[in-house]
Structure formats: structure tokens, C-alpha cells
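Letters A, B, ... mirror the listed sequences (proteins, then strands); counts begin at 1.
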Amino acid sequence: MPEVHVPVARGDGALRTAAGRYRLMRLSRRFEETVHDQHGEGQVPGPLHLSIGQEAVAVGACAELRRSDAVLSTHRGHHHCLAKGARADRLMAELLGRESGYSRGRGGSMHVAIPSIGLLGTNGIVGAGLPIATGAAYAMQAQDRDDVTVAFFGEGATGTGAFGEAVNIAALWALPLVFVCENNQYVELTPQDVHVAGEIWRRGESHGIPGVRVDGNDVEAVREAAATAIARARGGGGPTLIEAVTYRWFGHYAGDRAAYRDSREVDSWRARDPLVAARAALDDAEADALDAEVEREIADALAFAQRSAVTGPGALAIDHLKETA
Amino acid sequence: MPEVHVPVARGDGALRTAAGRYRLMRLSRRFEETVHDQHGEGQVPGPLHLSIGQEAVAVGACAELRRSDAVLSTHRGHHHCLAKGARADRLMAELLGRESGYSRGRGGSMHVAIPSIGLLGTNGIVGAGLPIATGAAYAMQAQDRDDVTVAFFGEGATGTGAFGEAVNIAALWALPLVFVCENNQYVELTPQDVHVAGEIWRRGESHGIPGVRVDGNDVEAVREAAATAIARARGGGGPTLIEAVTYRWFGHYAGDRAAYRDSREVDSWRARDPLVAARAALDDAEADALDAEVEREIADALAFAQRSAVTGPGALAIDHLKETA
Amino acid sequence: MSTTATETKPLKMWQGINQALVEEMERDERVVLVGEDVGRPGGPYGVTRGLQERFGELRVRDTPISEQVLVGLGVGAGAVGLRPVVELMFFDFALIAMDQIVNQAAKFRYFSGESLPLVIRTMCGAGGPNGAQHSQNFEAWYCAVPGLKVVMPSNAADAKGLLKAAIRDDDPVLFIETLGLLTARREVPQGEEFLLPIGVAETRRAGDDVTVVAIGRLVDRALEAAETLAQEGISVEVIDPRTLAPLDAETIVASIARTGRLVVAQEATAPFSFASEVCTLAAERCLPQLKAPPVRVASPFVNVPTPVPLAESRAPGADAVVAGIRRALEGA
Amino acid sequence: MSTTATETKPLKMWQGINQALVEEMERDERVVLVGEDVGRPGGPYGVTRGLQERFGELRVRDTPISEQVLVGLGVGAGAVGLRPVVELMFFDFALIAMDQIVNQAAKFRYFSGESLPLVIRTMCGAGGPNGAQHSQNFEAWYCAVPGLKVVMPSNAADAKGLLKAAIRDDDPVLFIETLGLLTARREVPQGEEFLLPIGVAETRRAGDDVTVVAIGRLVDRALEAAETLAQEGISVEVIDPRTLAPLDAETIVASIARTGRLVVAQEATAPFSFASEVCTLAAERCLPQLKAPPVRVASPFVNVPTPVPLAESRAPGADAVVAGIRRALEGA
Ligand SMILES: Cc1ncc(C[n+]2csc(CCOP(=O)(O)OP(=O)(O)O)c2C)c(N)n1
Ligand SMILES: Cc1ncc(C[n+]2csc(CCOP(=O)(O)OP(=O)(O)O)c2C)c(N)n1
Ligand SMILES: [Mg+2]
Ligand SMILES: [Mg+2]
């Protein structure tokens with residue numbers, strides 16, 4: 001498969017510096033803006049749940065990860081994919097329904113899985129990544145690897161049975177697993193208070209595992225909390241539950257105008273743009289250079305996707321079983 | 001259907017006195033011993049999970065209940081049934097596979113449901129009663145009744161997703177629901193530390209509801225905790241999670257010799273027989289009289305069951321849908 | 001059950017469902033509705049619009065993402081005096097609540113001898129850009145469960161009349177709406193007593209040469225196919241079972257026995273599906289009359305792709321039904 | 001796949017399964033086993049006896065009662081390099097894990113393009129005093145899921161050979177054991193390379209007058225029926241598909257085309273079942289040869305009662321298969 005030039009290799013180490021983290025947050029933001037535009041132009045033949053506003057959570061939580069670590073993502077997962085090392089071009093191609101996409105353009109946003117970089121899947125089923133995360137973490141433990149699994153989920157997922165099952169067994173088995181709840185205040189079309197009783201970060205303590213709440217718009221705060229949790233997990237100390245408080249700037253899906261929200265609320269969160277804070281850690285010239293790099297990467301990714309073949313019915317029947325692959 | 005004479009009416013009020021509570025604990029104990037014997041003689045054509053040793057939990061938790069309150073029970077639920085007002089004779093008949101049983105002898109121990117007295121079901125599926133309990137409690141709330149629902153479950157059920165879902169929504173909706181975890185230390189053939197991370201009673205606090213641990217062998221302690229929780233629930237204060245610590249004297253099922261347990265452990269718990277403590281609250285003559293009454297009730301129940309027709313294939317096809325009833 | 005309604009209104013299917021809910025909630029205060037986003041937002045597809053304003057937050061209730069509890073809410077509430085309607089947003093999500101549906105709701109009467117009025121509404125099919133986990137058609141599974149009724153309307157009028165009947169029914173009913181039909185318009189009888197009977201198939205078009213049993217989205221496509229073939233002088237009978245369980249086998253069998261040819265058309269994939277059961281009925285009960293092998297017109301046995309054009313190319317269209325009918329006419 | 005084994009031993013089915021697990025775990029350290037009570041207790045029915053002592057607590061692991069997580073353990077572990085075997089104690093409990101099986105495990109390759117080696121073992125049927133929530137036979141449902149293989153052995157030897165093959169398979173396999181067969185003894189080939197091919201039916205008995213397709217517990221009963229009828233000069237062919245999905249339709253269809261008569265025998269209830277699919281294959285592909293309507297020999301469409309004698313009276317016995325065959329011989 002032809003691939004465009006990617007200026008900065010991601011994956012191992014790329015997020016270890018403030019510059020790398022800012023760059024990826026910027027990439028994620030621009031990626032989302034671009035696919036949002038494409039959606040507006042009718043070029044995205046599937047659903048789109050944008051992560052704009054939540055970049056710091058994905059980047060902070062993945063900052064200390066290696067390629068051999070695993071991540072479970074959600075229906076709102078482009079930022080997770082990119083932070084774990086997915087290529088912007090193939091991800092873009094997937095969303096645009098192209099053969100060169102990670103799932104041949106058949107899966108779309110909610111069905112991206114790239115096991116080769118440890119990205120075990122975005123998911124259309126809320127909460128469903130959590131049981132799978134316990135499995136990845138169990139395998140790491142059973143194989144005596146010092147790898148870890150990070151499971152992202154929204155606050156809405158705390159309502160699912162899968163969440164309770166996963167936290168219990170992770171604590172019980174001291175699995176190398178970090179639960180990262182991305183609390184963006186809304187669950188589809190209703191606010192979190194329709195969904196969450198009590199406080200999410202405290203769900204850890206009754207299971208005997210640490211629970212922490214962090215500012216999910218502060219990439220360094222997220223990174224620090226995640227680093228502690230990851231180190232603990234690698235060292236055999238078991239799981240941690242992190243609640244990262246953040247906000248989604250747009251509606252639940254592209255097209256949802258989110259009339260159920262107060263515009264002042266939205267404005268106040270936009271004023272706390274995680275990218276602005278992350279950029280402040282760099283000097284302007286460096287940041288500008290990174291921005292320019294990102295623009296090129298995004299432009300290349302879009303060009304790559306656009307010149308890839310639109311997925312046709314021929315792709316439908318493959319990859320159900322190995323023999324049909 | 002012919003019914004034998006039941007000397008003491010249960011249901012509303014029967015458990016309000018120490019004598020009533022002792023009597024029912026005794027009834028439950030003797031009921032279990034009797035069906036255990038019957039099982040040994042090959043007269044119980046289904047599974048049998050005995051509640052011997054756990055009588056104080058059921059009786060204490062149901063002491064303040066009315067007929068219009070609801071109870072959800074488990075695979076180990078004869079004591080719950082009796083405490084909620086089930087007749088020993090029809091329950092015995094059910095276990096012995098007789099037409100006069102509560103489910104026509106087709107259901108057996110795990111499938112007893114007597115909606116007329118608010119007993120919404122023992123259950124063969126661990127944890128499955130908990131979502132149903134939220135529904136009963138929701139109906140009570142929506143109908144503006146001051147009734148409550150009590151959901152019994154074993155510590156093993158805390159591993160199920162159903163548990164997490166139920167606690168969350170009960171807390172969120174302030175449902176009139178009391179969760180009573182009967183922690184009898186074992187989950188089938190493994191000890192609770194294979195199943196439960198952290199502490200069960202503390203699962204309440206992160207959901208913003210009270211959680212308490214009580215001595216499940218002390219009927220008065222259970223009654224007190226339940227009374228507080230029930231009053232709170234009736235008053236609109238929402239759910240409570242009670243962990244009642246107790247022990248099952250016998251194996252998981254009749255026939256399981258429970259070789260996975262230390263005999264000294266068993267002995268130490270047997271030495272704390274909940275019936276002995278409950279009996280101590282009464283004067284001997286009164287207790288003796290109650291014992292005699294119970295003997296008659298059990299003997300009558302057994303006789304009733306034994307003279308009832310064995311359930312035949314004719315019963316198989318009815319009661320799937322209303323028209324086939 | 002009666003169909004005394006006279007006046008009709010052109011409504012989309014979602015409006016027919018909405019009307020059924022409004023009327024039954026007005027009529028009987030025991031009827032309540034719970035589900036994700038059913039209340040304040042009026043449903044992700046707007047089906048339950050206006051209900052919470054009208055009936056209040058206790059009777060129309062937004063739930064957390066707790067599908068096991070959702071069905072459990074229905075079972076428990078149905079057992080103590082309400083007549084709950086539970087919405088599972090997508091049929092695929094019912095997989096999470098399967099124990100509550102199959103082991104709890106469907107067996108309640110068997111264990112207790114008492115009624116469990118409960119409607120579980122959900123939405124199936126590949127009618128949107130939702131992909132492999134939001135588009136599945138597993139209706140056949142629920143038809144294999146004693147104690148459960150399964151209803152699958154194919155248009156706005158049926159959706160209204162059958163949903164009203166389901167809400168008044170004393171048994172658990174799985175009511176399967178079809179995403180691809182939500183906005184399809186039909187004349188819908190007005191009036192609170194417009195009820196359609198559960199368990200009775202409807203012959204949508206009478207014909208002599210071949211019987212087409214079609215469900216959900218394929219009913220209209222089958223009618224379109226029948227119209228096309230009528231121009232060639234081929235007379236197609238189209239039966240819409242409407243209730244999949246208990247299935248009105250008599251109507252279907254009588255038609256097949258008369259035409260001698262069967263096509264079953266559905267959006268689900270073919271193996272181990274609704275179509276398999278209907279073909280089996282034909283073989284078991286109409287063999288002497290069968291002039292040709294039965295034909296299953298169904299989606300290919302692959303996952304539903306996300307892009308709409310692909311998803312639509314996967315589902316059988318009217319052309320596929322035409323082709324299926326031709327095969328049935330040629331065969332044997 | 002080869003069947004080079006020569007020596008055999010008489011083993012019960014549970015022992016055959018146990019042997020398969022031991023051999024594959026010895027052979028490949030990536031094979032792990034998780035489930036409720038599989039470790040220290042050796043399984044509620046003793047099937048996994050001795051495994052934890054042998055392979056340690058990390059490779060044979062007792063889990064909490066968390067069926068969603070159980071299958072998730074398999075999906076996640078399979079995705080990052082292990083070859084997990086997950087035990088769901090009773091088939092009925094799989095209902096709780098249905099999303100993980102259908103939406104996650106079965107779709108992993110479709111989404112990622114990569115293998116997911118995963119075996120889900122479970123136990124079906126009304127072979128004990130367990131009642132309506134512990135005895136169900138929903139094998140047909142899983143056969144309708146693209147991306148999943150479904151295997152259902154009918155004896156100890158097949159259980160061993162097929163389980164070993166399933167563990168070495170790179171796709172998710174649902175491996176359905178039958179409670180009523182666990183203690184049935186059969187000669188079982190010894191040796192690590194005794195493998196049976198997934199997707200290939202076995203003709204258990206050759207015959208000319210009627211084809212009986214039987215699964216699970218009904219295979220031996222069908223053979224018994226065949227033996228009985230042989231004494232009347234009736235020649236019965238008995239086919240055990242062994243793999244239900246993908247189904248070896250060729251073997252089945254060839255037999256039906258030859259005999260012209262079909263009986264399908266199963267413990268499940270008839271409507272919307274495995275038998276429906278096989279009858280449909282007969283009608284679709286053998287209509288000209290069919291001399292009589294196909295016959296489904298199955299349990300009546302009612303819940304499984306708890307008392308053993310009642311449960312046993314519900315499941316079809318050899319006599320029911322005989323009666324079914326006679327019907328197939330008379331019919332049409
Ligand atoms: C099991 C399940 N139930 C319902 C849905 C429909 N749904 C999709 S996203 C969503 C909201 C998820 O909210 P949250 O977990 O907070 O994530 P966010 O969208 O805020 O990122 C819902 C209810 C689903 N996909 N899966
Ligand atoms: C969902 C489900 N998984 C597994 C089982 C098998 N099972 C029956 S009882 C039981 C143990 C339950 O333990 P606990 O909840 O502590 O109750 P106890 O038996 O101690 O009263 C198990 C695992 C089941 N019935 N349902
Ligand atoms: Mg959210
Ligand atoms: Mg226990």
C-alpha cells in the first residue's frame with residue numbers, strides 16, 4: 001500500500017517531550033477539524049464523534065506508552081488512535097471510506113483496530129472495550145511482560161455492567177491496567193448527572209485501587225497522573241482509575257448542534273483550550289514550526305485519502321474468517 | 001388447591017417481634033434440614049442450595065417488610081421466600097416436584113416466584129435479580145407508593161455487571177431499594193477472595209449512598225440496619241447497601257462436601273449459630289412452644305408435599321404465554 | 001381487537017410510534033417509558049419527542065447506559081403493576097440485555113403463573129451510516145424463545161396499531177422497529193382504538209403465481225417487485241407476517257400451498273434466519289404443492305459496512321426480490 | 001489436519017476434553033484457560049481437573065462471576081499474543097456475554113484484519129436437574145454470526161480432536177459441550193497430533209433410505225434408531241455435522257439428494273433452530289429428489305423443567321427419532 005511521508009515518527013518516545021505532546025494535540029485537533037469539514041462536504045460516509053477539546057487526555061495518558069503497550073478506545077477515539085501511533089493518512093482514509101483505510105474503509109470511525117501498534121480498537125458499543133482491556137492486561141501479566149494496557153472510556157460508560165466487571169477483576173488480579181475515564185460532561189444528548197451517581201474517581205477505593213481526578217484539559221497533569229499509574233502497573237502494583245475532567249466542544253456526533261447545552265458553558269470551556277496551555281510550554285518559534293509540520297501532515301493525509309480508491313462492494317466479503325482473508 | 005393449616009400467618013407483622021423472628025429462623029432451618037433429608041432420599045428432583053447458617057440475614061432484612069414490598073432472591077433463597085411470607089407447604093411441594101408447588105413443581109428451588117406476596121423470584125442466574133429489583137423499586141417510586149424493594153445477593157454477585165448497573169441507577173434515581181449482600185464467604189467452590197476486590201459495603205460510598213457492614217449471624221443487628229435502610233427508602237432517601245457477613249454451613253449445593261474448606265473454620269462458624277442467639281432473647285418455655293409449632297408446620301408441609309401429585313409432562317406446556325395458561 | 005378507526009393521516013413511521021405511545025399513556029397511567037435519551041432529547045431519532053413534557057419525568061425517563069438494568073426495569077416494574085415500555089436504542093445493544101430478555105422476562109410467567117406486561121422497543125437494520133455493531137438483524141433468535149412475542153412492523157400504520165396492541169398485551173413483546181423505515185410515510189388510522197392483532201399476518205397483495213413472505217424493510221420492496229412483475233403478467237402474492245412469533249403459519253402455508261412457490265425476503269443474512277424457518281414450513285407442510293425450491297432473498301453473509309452506499313448495496317433491494325421471484329418461477 | 005493416531009483409550013467425554021487441554025497447553029505455552037471454578041476446583045463438573053496444578057495459577061485461572069469480562073479476557077488476550085480458552089459454565093450464561101461474543105470477538109478480524117485465536121467452551125442441554133435457566137440450546141444463534149465458528153461434538157473422541165483443532169485455529173470458535181454426554185465413554189485416539197478438521201461433517205452410519213442429520217446428544221440416539229430400524233430392513237444414514245458453522249452443507253446435501261428423505265434430530269426446540277436451516281438446505285437444493293417432507297425431531301417448544309424425569313421426557317429420545325424416520329418414510 002502506498003504511504004505518504006510522515007515527518008515525525010510517533011509511537012515509542014514521540015510524546016516524551018512537551019513539544020511532542022503539543023504536536024500531537026495539534027495534529028489531533030487539525031485532524032478533527034479536517035474530517036469535520038469533510039463531513040460537512042458529504043465526504044465522510046459514516047458517523048463522526050469529534051474529540052476536539054479532549055486532546056490533552058489522550059496525549060497525556062499515552063505519553064509514557066510504548067508500542068507494545070495496548071490501548072482500548074471508544075466511539076470517540078481519533079485522538080486515542082493518533083496518540084498511540086496511528087498514521088493520520090490511513091486513519092483519514094478509513095473515515096473517508098477508502099480502501100487504504102485501516103479497516104479498508106468499511107469500518108469507519110468506530111471500528112478502527114490496529115493491533116500492530118497496540119491499538120485494539122475504537123468501539124461502537126459503549127463500555128465494551130473495558131472487558132477486552134482486562135484481557136490484554138492479563139496476557140501481559142501472564143507473559144511476564146512489563147507492558148501495560150490503557151482503557152479509555154467516557155463517563156457514560158460507568159453505567160455499563162462491563163465497567164463494574166472490569167474494575168473488579170483488574171483490582172483482584174492486580175492487572176497492569178490504567179482506566180482513563182474521559183469525563184466530557186455529556187453522554188449523547190444528556191448531561192452526566194443523568195448517568196453518573198456519586199463520583200467516578202472514587203469508584204476505585206472500594207475495590208482497593210487508587211482513584212484520582214485530574215484536569216483533563218491540562219496535558220501535563222494528565223501525563224503525570226498517567227505516569228504514576230503506568231509505573232505502578234508496570235511494577236506489578238495493579239490498576240489505577242483516573243478521571244480526567246474535560247469537555248467536548250462539539251455535539252455528540254457531527255451534525256448534532258447540541259442545543260441541550262448552554263452557550264456560556266461551551267464558551268467557558270473553549271476559553272480553557274488545552275492546546276493553548278500546551279503551546280505555552282514551548283517557545284513560539286518552535287510551536288510555529290510544529291504547527292506548520294502538522295499542517296503538512298494533515299494536508300498530506302487528506303490528499304492520501306482523497307486519492308485512494310473508494311471502498312467498493314468487493315471489500316465486503318473479506319476478513320470474516322482467516323480463510324476468507 | 002387444598003392447603004394445610006398454617007398455624008401462624010406470616011407476611012405483614014409476623015416478624016416484628018423477637019419471637020416471630022426466632023420462629024421464622026427456626027422454620028427456615030427445619031425446612032432446609034427437611035429438604036436436605038429428602039434430597040438424600042432422592043426425593044428432590046432438582047438442585048438444592050441450602051441457607052442453613054444464614055437465617056438471620058433473611059429474617060432480619062425482611063422483619064420490617066410489608067406484603068406490598070418486594071423481594072428479589074437468589075439461587076440460595078428458601079429463607080428469603082419463607083421470610084417474605086411463602087408457605088412452607090407449597091415451597092416444599094415445589095422442591096419435591098409436585099403439582100401443588102408454587103411453580104407447579106417444574107421450577108424447583110431456583111425458580112420460585114410468588115408475585116402475590118411480593119416475592120419476585122429466586123433466580124438461577126447470579127446477579128439477575130438486581131436489575132429486576134431496580135424495576136420494582138422504580139415502579140413503587142413512580143406510583144408514589146411508600147413500598148420498598150429488598151434485593152438479596154451473594155458476594156459472588158458483586159462480580160457481575162448487573163450489580164454495578166443496579167447500584168448506579170438506584171443511587172441516581174434515589175430508588176426505594178435496599179441491597180442486601182449475604183456474604184457467606186464462598187462462591188460456589190472458591191473462597192470470596194477469588195471474587196471480590198476490596199470491600200463490598202464500601203461500594204456504596206462512591207455512588208453517594210450509605211454502605212454498612214453488619215454481623216449477618218445476629219438477627220437483631222441485621223434488622224436494625226435494614227430498618228434504618230428501609231425507613232430511609234420509604235421516606236424517599238434512596239437506596240442503602242448492606243453487607244451481612246455470615247457463613248453457609250453446608251456445601252454450595254446438596255451433595256457438595258465442601259472439601260475446599262477447613263473444618264475448623266466451619267466449626268467456628270457453627271459455634272456462632274444465629275438461632276442460638278435469637279433463641280436467647282426468648283424465655284425457654286416460649287421458645288420450646290415455638291419449636292413445637294415449627295415441627296408441626298414442617299411435618300404438615302412435608303405431608304402436604306408428599307401427598308400432592310408428582311408433576312407430570314402435562315404441566316410442561318402451560319404458562320409460557322397468557323393464552324396457553 | 002377491533003379496527004374501528006375511520007379517519008387517517010399521512011404519518012412517518014416514527015410519528016405512528018409516537019402517536020401509539022401518546023395514546024396508550026393517556027389511556028392508562030400504568031404505561032411508562034424508559035430508555036437512553038428517550039426523555040429530554042425525545043429519542044436519538046426523535047421517536048419519543050414531546051413525551052416527557054407531556055407525561056413527566058417519572059413516566060418518561062432517561063436512563064444511564066445500562067442495558068441489563070433497562071430490561072430489568074421493565075421486568076420489575078411489570079411485575080409490580082406498571083405496563084412498562086423499554087427502549088433499547090439499537091437492536092445490537094439487546095445483546096447486552098439478553099439474559100434479562102430470555103432468562104428473566106420470557107420466563108416470568110412460567111415461573112410465577114402471573115402476567116408480565118412488558119414491551120421492549122428497539123431498532124434494527126442497516127438504514128444509516130452506523131456500521132457492523134449498530135445495524136444487525138437478529139430477530140430470529142428471539143423467535144426461538146418460549147414466552148416471548150416478536151413483532152416487526154413494516155410501515156407507519158402497522159407500527160401504530162401493533163405497538164398499541166403490544167402495550168395492552170399481558171405478555172412480554174419484543175417490538176422491532178426498522179431504522180430504514182422510520183421516515184417512510186403511510187396513511188395511519190387515527191383514534192385510540194386503532195389496534196392491530198398480534199399473531200396475524202397481513203396479505204399485502206393477492207397473487208397466484210408465487211408467494212413472497214417479506215418482513216421489515218423488504219415488504220415495500222417486495223410490493224415494488226410485485227408491481228414490476230405484474231407488468232409481465234406474473235401474479236405475486238405478498239404476505240407480511242407482522243408478528244414473527246408466534247408466527248401466523250396458517251396464512252403463509254395456505255398461500256404457498258396455493259401458489260406452489262415461495263420467496264422469503266428479509267434484511268437479515270440468510271443462514272439460520274427467519275427465512276430458514278419459513279422455508280422449513282414450506283418444505284414440511286407444502287411439499288406436494290411446491291413447484292420450485294424456496295428462495296431466500298437476504299443480505300450476503302457478511303458484516304454490515306459503515307459507508308451508506310456499501311451498506312445499501314449489501315441489503316437486498318426490489319431488484320433482488322424480482323430476481324428471487326424469477327428464480328422461484330424457473331426452478332424445478 | 002491429520003489423524004495419525006493409532007492407539008486408543010476408552011474415555012468419558014470430559015476426559016477427552018481434559019486431555020485435549022492438557023496436550024495443547026503442553027504443546028504451546030500461549031494456551032491459557034480462564035473461567036469460573038476451572039482452576040482450584042477443577043471445574044464444576046470436573047472437566048478441568050488437574051490443570052491448575054500442572055500449569056499454574058496464571059495459565060489456569062479462576063475468575064469472578066463476570067461473563068462479559070470472561071469473553072473480554074479472551075478477546076484481549078487473544079489480540080496480544082495468547083491463545084485463550086474461555087469457559088462459560090453453562091451455555092445459558094453466554095447470554096450475558098453476547099455482546100463480547102458477537103460484536104467484539106466475531107468482528108475483530110473484520111475490523112483489524114488480524115487473527116483472533118480464541119476458544120469459548122461452554123456446556124448446553126438438559127442433562128441434569130438444572131432447569132429452565134441452565135439447560136438451553138441456542139446453538140443456532142451463533143451460527144448466524146459472520147466471523148464465528150461453532151463446533152458441537154457428540155462424543156469423547158470428537159470432543160478431543162475438535163477441541164485441539166479449535167485451539168490451533170486462528171479464528172474465534174464457540175465450542176459447545178453437552179452436559180448429557182460428559183460421562184459417556186468412547187474410544188479416544190491418543191497422541192498429540194490427533195486432530196479433527198473443523199468444518200467437516202462425519203457420516204456415522206451409511207444408509208440409503210433416509211438421511212438423519214443429528215447433533216449433540218441426538219447423534220447416539222439417531223444411531224440407536226438406525227439400528228432398530230435396520231432390523232426392519234430400513235437403511236438409515238446418520239450424519240453428524242460436528243461443526244455447525246461453517247456447516248458442511250455439501251455432505252448433507254449429497255446424502256439427502258441420494259436418499260430423498262431427511263430427518264433432523266436435535267435437543268433444541270424446533271422453531272428457528274439448527275434443524276430449520278438444514279430443512280431449508282434440503283428444500284433449496286434437493287427439492288426434485290425429496291420424496292417426503294423433512295422432519296424435525298426436537299424438544300417441544302416449552303421451557304426445560306427442573307425435575308430430571310420431566311426434563312428427560314421433554315428431550316427427544318431414540319424412540320422419537322424412530323418415529324420421525326417413520327414419518328419421513330411415509331410422507332408425501
Ligand atoms: C451499549 C451501548 N449503549 C448505547 C449506545 C449509544 N451511545 C453511543 S455513544 C453514547 C454516549 C456515550 O457517552 P460517554 O461514555 O460519556 O462518551 P462520550 O460520547 O461523551 O465521549 C451512547 C449512549 C452504545 N453505543 N452502546
Ligand atoms: C451468571 C451466572 N454465572 C455463573 C453461575 C453459576 N453459579 C451458580 S451459584 C454461583 C456462586 C454464587 O456465589 P454467591 O453469589 O456468593 O452466592 P452463594 O452461593 O454463596 O449464596 C455460581 C458461580 C450462575 N448461576 N450465573
Ligand atoms: Mg461523555
Ligand atoms: Mg457466597
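Tyr138(A) contributes a side-chain N or O that, together with a main-chain N or O of Leu58(D), makes up a donor-acceptor pair within less than 3.5 Å. Here the side chain of Arg106(A) pairs a donor or acceptor atom with the backbone of Tyr110(D) at under 3.5 angstrom.
In terms of heavy-atom pairs under 4.5 angstrom with chain D, the leader among Asn168(A), Asn123(A), Ile114(A) is Asn123(A). Ranked by heavy-atom pairs shorter than 4.5 Å toward chain A, the options Ile96(D), Leu116(D), Asn103(D), Asp99(D) are led by Asp99(D). Between chain A and the residues Val75(D), Val71(D), Leu70(D), the most heavy-atom pairs under 4.5 angstrom are made by Val75(D).
Annotation for Gln100(D) and Ala128(A): closest pair NE2-O, 3.0 Å, computed over non-hydrogen atoms. Nearest approach of Glu165(A) to Val69(D), heavy atoms of both residues: OE1-N, 2.8 Å. A pairwise comparison of heavy atoms in Phe108(D) and Pro115(A) identifies CZ-CG, 3.7 Å as the closest pair.
Within residues 131-149 of chain D, the residues having any heavy atom under 4.5 Å from a heavy atom of chain A are, by residue number, Pro146(D), Gly147(D), Leu148(D), Lys149(D). Applying a 4.5 Å heavy-atom cutoff, the residues of residues 153-162 of chain A that approach chain D are Gly161(A), Ala162(A).
When the shell of 6.0 Å around CD of Glu192(D) is examined, it contains more than 12 heavy atoms from other residues, nucleotides or ligands.
Using a 4.5 Å cut-off on side-chain heavy atoms (C-beta onward), His320(A) and Asp171(D) make no contact.
The CD atom of Gln68(D) lies 12.5 Å from the CD1 atom of Ile169(A); values are rounded to the nearest 0.5 Å. How far NZ of Lys107(D) is from CD1 of Ile125(A): 8.5 Å, rounded to the nearest 0.5 Å. One finds the NZ atom of Lys322(A) at 11.5 Å from the CD atom of Glu114(D) (value rounded to the nearest 0.5 Å). Between the CD atom of Gln143(A) and the CZ atom of Arg30(D) there is a distance of 9.5 Å, given to the nearest 0.5 Å. Distance CG/Asp62(D) to CG/Leu172(A): 10.5 Å, rounded to 0.5 Å. Atom CG of residue Leu119(A) and atom OG of residue Ser112(D) lie 10.5 Å apart, to the nearest 0.5 angstrom.
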**Request:** Applying side chain to side chain contact (heavy atoms under 4.5 Å, CB included), run through Thr63(D) and Trp173(A) and close with a yes or a no.
**Result:** CA-CA 9 Å; Thr63(D) 69; Trp173(A) 290 6; 3.8 Å; yes
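Residue contact with chain D, scored on non-hydrogen atoms closer than 4.5 Å, involves the backbone and the side chain of Leu120(A) alike. Heavy-atom distances place no part of Arg104(A) under 4.5 Å from chain D, backbone and side chain included. Only the side chain of Val34(D) comes within contact range of chain A, with at least one heavy atom under 4.5 Å from a heavy atom of that chain. Neither the backbone nor the side chain of Glu29(D) comes within contact range of chain A, judged by heavy atoms closer than 4.5 Å. Looking at Thr149(A), neither its backbone nor its side chain comes within 4.5 Å of chain D, counting heavy atoms on both sides. For chain D, no part of Glu94(A) is nearby; none of its heavy atoms comes within less than 4.5 Å.
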